Asker: 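I'd like to ask some things about the structure below.
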Amino acid sequence: MTLHRQKLIYRDKRLVNWDPQFQTAISDLEVEQREVEGHYWHFAYPLEDGSGEIVVATSRPETMFADTAVAVHPNDGRYAHLIGKCVRLPIVGRPIPIIADDYADPEKGSGAVKITPAHDFNDFKVGQRHRLPMINVLDPFARLNDNAPEAYRGLDRFEARKKVVAEFEALGLLRGVENVRHAVPHGDRSGAVVEPYLTDQWYVDAKTLAGPAIAAVEEGRTVFEPRHWEKTYFEWMRNIEPWCISRQLWWGHRIPAWYGPDGRIFVAESEGEARAAAAEHYGRDEALRQDEDVLDTWFSSALWPFSTLGWPEETSDLARFYPTHTLVTGFDIIFFWVARMMMMGLHFTGRPPFERVFINALIRDAEGAKMSKSKGNVMDPLEIIDTYGADALRFTLTAMSGQARDIRLSTQRIEGYRNFATKLWNAARFCEINGCAASPGFDPGAAAAPVNRWIAGETVKTAQAVTAALDACAFDDAASALYRFVWNIFCDWYLELAKPVLQGMDEAAKAETRSMAAFVLETVLKLLHPVMPFVTEALWGRTGERKEMLITAAWPRLDEGWIDRAAEAEVGLVIGAIGTGRALRSELNVPPAARPALLVTEADAGQRRILEANAGVIGQMLRVEGLKFETAACPGAVPFLAAGAAFALPVADFIDLAAERARLEKEIAARAANIDRARRKLANADFIARAPEEVVEENRERLAESEAAKDKLEGALARLAALQ
RNA sequence: GGGCGGCUAGCUCAGCUGGUCAGAGCGCCUGGUUUACACCCAGGAGGUCGGGGGUUCGAACCCCUCGCCGCCCACCA
């Protein structure tokens, strides 16, 4: 009503997209262009004075009964002399003028075009320009009406088409038939061919409303994420057409307009109000008839952000929640809903309805095809959930929600994340078995053991990364940070490093490790909860005495001060030694049962201390027996370098010397390549002059490291040769 | 016709503001009865980052151009 009073909603007689099957007008957005095989029929229209003919082409011959002109381009020399003359419309015998209009394209067809203002959007505009009569020859079912010749009345449009063509042929006026592939408008719901149709409808002056909606995005008061969608939004908004909002349907909000006996319109909030207005106008109480039509569902939806909050009352909900923060939706909804909510929100409240619009990707099948029922390639989410679990599906979609436009959903990927859920479950079970429970006074920042200090820091880093990713709508980053932390850091390293402690005798160390494991798990559950609500909530319930559910638990805000560089270096050395040592064993096929000693051939005092302190874990995880500090060259031991220290495994008895030689040569070659690359860079004067000092320095260090490593490996190779 | 997105290991995808960024998962290969987990553990092979040109000391990342693939909008003479 407000919009009507402001003249932003008005009644008008224009062409609409008419769906003859559903018997209703539909908006431009509900029209789908489909490529179809069709024809252009070339018809000759004889000049009224008998001096010749003019040929026009059409793909819809049945509309010729509604022709009210033939247009040619004003500069088209071929037809200049005909402008102002008339042709006699065959079959009906009605004379129509030949007019000059830029719309006629000399390049297309014959250069002359029939103008049918009541049945074509372009022709409608031409008709308006030239004040041509508008003749409607179709009824709501798209059958020819009484404006068509007797023989055609009641005929379906496609039947009529054939008949018109046949008649032209019989009259000797068919000048050609062309096969063409062209786009034909279809109703996106009914699938029926839509007809431009002249009717009275209600319209919204979208152009006026679009102004502020465009400005809001231009000024960044509403931001699209990813940003490139703003271009799509602008493109549509800037070329917006009047929006037809009345629908001839049974469901929807009925249009609050009432008609008086003389057809006068009373728009009001209620019938009572309308009658009061009518009474005032007519001077007496009059029976009114309410408009039969309902509003386009998107019109109603456009009001959603504030109507759901109590508008137009000044409710506390409206004050508190409007404007909303982020709207999450698909790109196919940008025009239908996002744009319309923007228009209405700004118009009625002066503020855009949301600060951010996150456009998520469209899910396709594994081959990249859009899922559709007719193609039969729809993956039923319920079936996926039955097989892999809702959390696995959610995690998959989250992990794949990059900036790209679509997601190819494959069961393999889902299976992988189902495994992740299981992994998490098992990690929690491990904690449970080992009595890892949250202890009330526990301060992760005050842990004594380096491994515990390290994992506390890693947890902080992960929490920060996940939080930042979620804030930036980089959901895939959040998912992969969690995946990596849980699997590759917490399970692969922390829990493994914790095992010896938990099996040991040091009760204080055990207690600290239990508390830390519980703390990390708890944090992970919180961080993972938005993506995997079910598993995390279940684990939350069974891994501790809980006063509240996980869903209401506070988001982790951890102390950055827990990040401990010394602890990182310490664990880095342990992990490096184990990891590199394992690779070497595997490459040389050292039998798993072999328990050689681990020789430490080069380590500074600090490294030595660390290695000694972690001898137990290293022994267990690398499957070695004891740690020996040897400074002398050890024939028969294969060397390896890790985290700045040098090690060797005395496994000559177990291995193939040729394999070891190959391994050493490969290592040396890799170092040589690094050396070469760094040397070339450093030899480049431009590089030294223009690259930042830190980059240059980095390359110098890399060169020195690689050279030292290469020397050591070459020494080992020489000793190996001596052995053979 | 106008516009947008994509083209990185066999497959599905990460790689933001140019300087170990060539990565992950799956698949593949090798090995594994390690007191949470075989939906697992350890290790490995595999890519001249669609083609060509340019900018730069340096480009998967910036510019130009070409080529495919997909989508949106407009178009029923």
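Hydrogens, waters and symmetry mates play no part in the numbers below; they use all other heavy atoms, side chains included. Predicted model, so just to flag it, every value in this text is computed and none were measured. Below, chain A is the first sequence line, B the second, and so on; all start at residue 1.
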Asker: Mind checking A:Q412 for me? I need base, sugar-phosphate or nothing, with any heavy atom below 4.0 Å counting as a touch.
Answerer: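 The residue A:Q412 makes sugar-phosphate contact but no base contact.
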Asker: In whole angstrom, what separates A:R413's CZ from B:rC26's C1'?
Answerer: 9 Å
Asker: Would you measure the distance from the C1' atom in B:rC37 across to the matching atom in B:rG44 and give it in whole Å?
Answerer: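 About 23 Å, rounded to a whole number of Å.
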Asker: Can you tell me how the ring of A:Y197 sits relative to the ring of A:H119, calling it parallel under 30°, perpendicular over 60° and tilted otherwise?
Answerer: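 Geometry flag for A:H119 against A:Y197: tilted rings.
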Asker: I want to verify a distance call: between B:rG25, B:rG15, B:rC75, whose nearest atom is closest to the A:N122 side chain?
Answerer: B:rC75
Asker: May I ask you to say what A:M621 touches in the nucleic acid, namely base, sugar-phosphate or nothing, with a heavy-atom cut-off under 4.0 Å?
Answerer: nothing
Asker: Which part of the nucleic acid, if any, lies within contact of A:R702, taking any heavy atom under 4.0 Å across all strands shown: a base, the sugar-phosphate backbone alone, or nothing?
Answerer: base
Asker: In whole angstrom, give the distance that lies between atom CG of A:D477 and atom P of B:rC16.
Answerer: 10 Å
Asker: Only counting residues at least two apart or in another chain, list the ones meeting ring pair (Phe, Tyr, Trp, His ring centres under 6.0 Å) with A:F395.
Answerer: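 Residues passing ring pair (Phe, Tyr, Trp, His ring centres under 6.0 Å) with A:F395: A:Y417, A:F420.
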Asker: Among side-chain atoms of A:E235 and A:T232, is any donor-acceptor pair under 3.5 angstrom?
Answerer: no
Asker: Mind pulling the stems RNA chain B is in, i.e. runs of at least three Watson-Crick or G-U pairs, everything under 3.5 Å?
Answerer: B:1-7 with B:67-73, B:10-13 with B:23-26, B:28-32 with B:40-44, B:50-54 with B:62-66
Asker: What pairs of residues pass the side-chain hydrogen bond (donor to acceptor under 3.5 Å, both in side chains) test when at least one of them lies in residues 59-72 of chain A, not counting sequence neighbours?
Answerer: A:Y45-A:D67, A:R60-A:E195, A:E62-A:R161, A:T63-A:K114, A:D67-A:K114, A:D67-A:T116
Asker: If I pick the P atom on B:rU8 and the same atom on B:rG50, what distance separates them, to the nearest angstrom?
Answerer: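 These two P atoms come out 6 Å apart once rounded.
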Asker: Can you run down the salt bridge (Lys or Arg N to Asp or Glu O under 4.0 Å) pairs that involve residues 579-592 of chain A, sequence neighbours left out, and say none if there aren't any?
Answerer: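 As it turns out, the salt bridge (Lys or Arg N to Asp or Glu O under 4.0 Å) pairs with a partner in residues 579-592 of chain A, which skip direct neighbours, are A:E587-A:K666.
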Asker: Can you build the contact string for nucleotides 36-46 of chain B? Use B for base contact, S for sugar-phosphate-only contact, and - for no protein heavy atom under 4.0 Å.
Answerer: BB-BSSSS-S-
Asker: Please name all residues satisfying salt bridge (Lys or Arg N to Asp or Glu O under 4.0 Å) with A:R413, sequence neighbours left out, ordered by chain then number.
Answerer: none
Asker: Between A:E496 and A:K499, does at least one N-O distance fall below 4.0 Å, as a salt bridge requires?
Answerer: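 Yes, this pair counts.
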Asker: Tell me which nucleotide among B:rG15, B:rA77, B:rC72 gets nearest to the side chain of A:D476.
Answerer: B:rG15
